[in-house]
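Sequence positions, counted from 1, serve as the residue numbers for this chain. Every number for a ligand or one of its atoms is a count from 1 in the order of the listing.
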Amino acid sequence: MAKPSILLTRHYPPAVMERAARDYACVTRAEDGGLTGAELCRLAAGVEGILCAAGDPMDGATIAALPDSVRVLATFSVGTDHIDLEAARRRGIAVTNTPDVLSVATAEIAMLLVLMCARRAGEAERMVRAREWVGWSPTQLLGVTLEGKKLGILGMGRIGQALARMARGFGMEIHYRNRSRLAPEQEEGAVFHASDEAFLGTVDVLSMHIPGGAATRNWLDAARIAQLRKGAIVVNTGRGSTVDDAALCAALHAGHLRAAGLDVFAGEPRIFEGYHTAPNVTLLPHLGSATEETRDAMGFRCLDNLDALLRRGEEPPHRVA
Ligand code: 8YV
């Protein structure tokens with residue numbers, strides 16, 4: 001039987017590309033990224049599945065123009081805000097994602113940013129690298145200790161819960177805000193807050209883990225930032241669109257916030273200009289899931305979903321639309 005044909009929009013990890021080539025007739029690209037909607041539709045001619053990723057043009061107009069052969073979009077991400085799910089539903093195209101396998105890696109990056117913000121590691125590294133370190137002093141680059149501090153997790157899903165487990169190891173007290181309260185065995189002693197106001201007014205560190213999209217756009221705006229305690233730290237490893245960049249920058253420059261650590265940005269890879277000149281901000285290039293183990297597992301999860309639909313005619317295990 002002929003292998004089903006799929007389009008791979010990116011250069012996925014070698015083990016993923018190898019498995020894809022073993023089981024599918026693959027259309028690949030010389031470039032990684034920079035794909036336009038028109039090129040995507042052209043490359044997709046005759047393929048049944050597309051292994052795509054964040055940053056690919058999966059808007060309504062592109063999905064409407066995809067060839068009729070396309071039956072499934074398997075995204076190499078847990079987030080689906082880059083895909084117009086409604087447009088896919090209208091075309092009868094299935095959409096799958098990669099939950100679970102990236103929770104620990106993303107929580108590690110959140111914990112890394114919390115540590116970097118609390119201990120001013122970004123500023124410190126920049127100083128040493130610039131050959132500006134003139135020697136140790138008792139008051140140089142003083143940060144804050146995490147032990148005993150309150151970590152506020154916004155969005156207590158799989159990634160938030162993985163971060164909570166790590167932060168407990170640093171002696172932090174866990175607070176959270178979520179659509180609904182978790183069962184006690186998932187809470188593991190974390191304090192649920194029923195309102196944004198109570199939550200924001202309590203925490204020393206806010207770690208954001210909410211999805212992108214219209215419903216969460218600019219969730220962290222000037223009004224909510226003002227509800228945070230003076231000297232609070234903000235970390236975002238979810239989606240950049242959930243933060244009002246101008247408001248966050250203003251609060252960092254004004255000193256209301258101690259520091260911010262950002263791994264995601266609205267309109268990335270472009271970055272809001274004000275962040276470049278804020279010393280107390282740590283900027284990472286969307287590293288959340290970037291470990292060898294995790295990226296392999298994400299790719300395999302995409303292929304598992306494609307296999308189910310295209311090779312066995314079954315319902316894919318991680319279908320979101
Ligand atoms: C992905 C992510 O690796 O899974 C997500 O939603 O944000 C990342 O960890 C990245 O978006 C590539 O698709």
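- When all heavy atoms of Leu154 and Phe199 are compared, the pair lying nearest together is N-CZ, 3.9 Å.
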Review item, side-chain donor-acceptor pairs of residues 85-94, under 3.5 Å, at least two apart:
unit_1, atom_1, unit_2, atom_2, d
Glu86, OE1, Arg89, NH1, 2.8
Arg91, NH1, Ile63, O, 2.9
Arg91, NH1, Ala64, O, 3.1
Arg91, NH1, Leu66, O, 2.9
Arg91, NH2, Leu66, O, 3.1
Arg91, NH2, Asp68, OD1, 2.9

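- A donor-acceptor pair shorter than 3.5 Å cannot be found between the side chains of Asp263 and Thr237.
- Evaluation of the side chain to side chain contact (heavy atoms under 4.5 Å, CB included) rule for Ala290 yields Leu287, Arg295 as partners, not counting sequence neighbours.
- A side-chain N or O of His209 and one of Ser207 form a donor-acceptor pair less than 3.5 Å apart.
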Once you restrict both partners to nitrogen or oxygen, which atoms of ligand 1 have a protein partner under 3.5 Å, and how far apart are they?
unit_1, atom_1, unit_2, atom_2, d
ligand 1, 3 (O), Ser289, OG, 2.6
ligand 1, 3 (O), Arg295, NH2, 3.4
ligand 1, 4 (O), Val78, N, 2.7
ligand 1, 6 (O), Val78, N, 3.4
ligand 1, 6 (O), Gly79, N, 2.8
ligand 1, 6 (O), Arg239, NH2, 2.7
ligand 1, 7 (O), Arg239, NH1, 2.8
ligand 1, 7 (O), Arg239, NH2, 3.3
ligand 1, 7 (O), His286, NE2, 2.8
ligand 1, 9 (O), Ser289, OG, 2.7
ligand 1, 13 (O), Ala54, N, 3.1
ligand 1, 13 (O), Phe76, O, 2.8

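- Each salt bridge (Lys or Arg N to Asp or Glu O under 4.0 Å) pair with one or both residues in residues 93-113, not counting sequence neighbours, appears once here: Asp100-Arg158, Asp100-Arg301.
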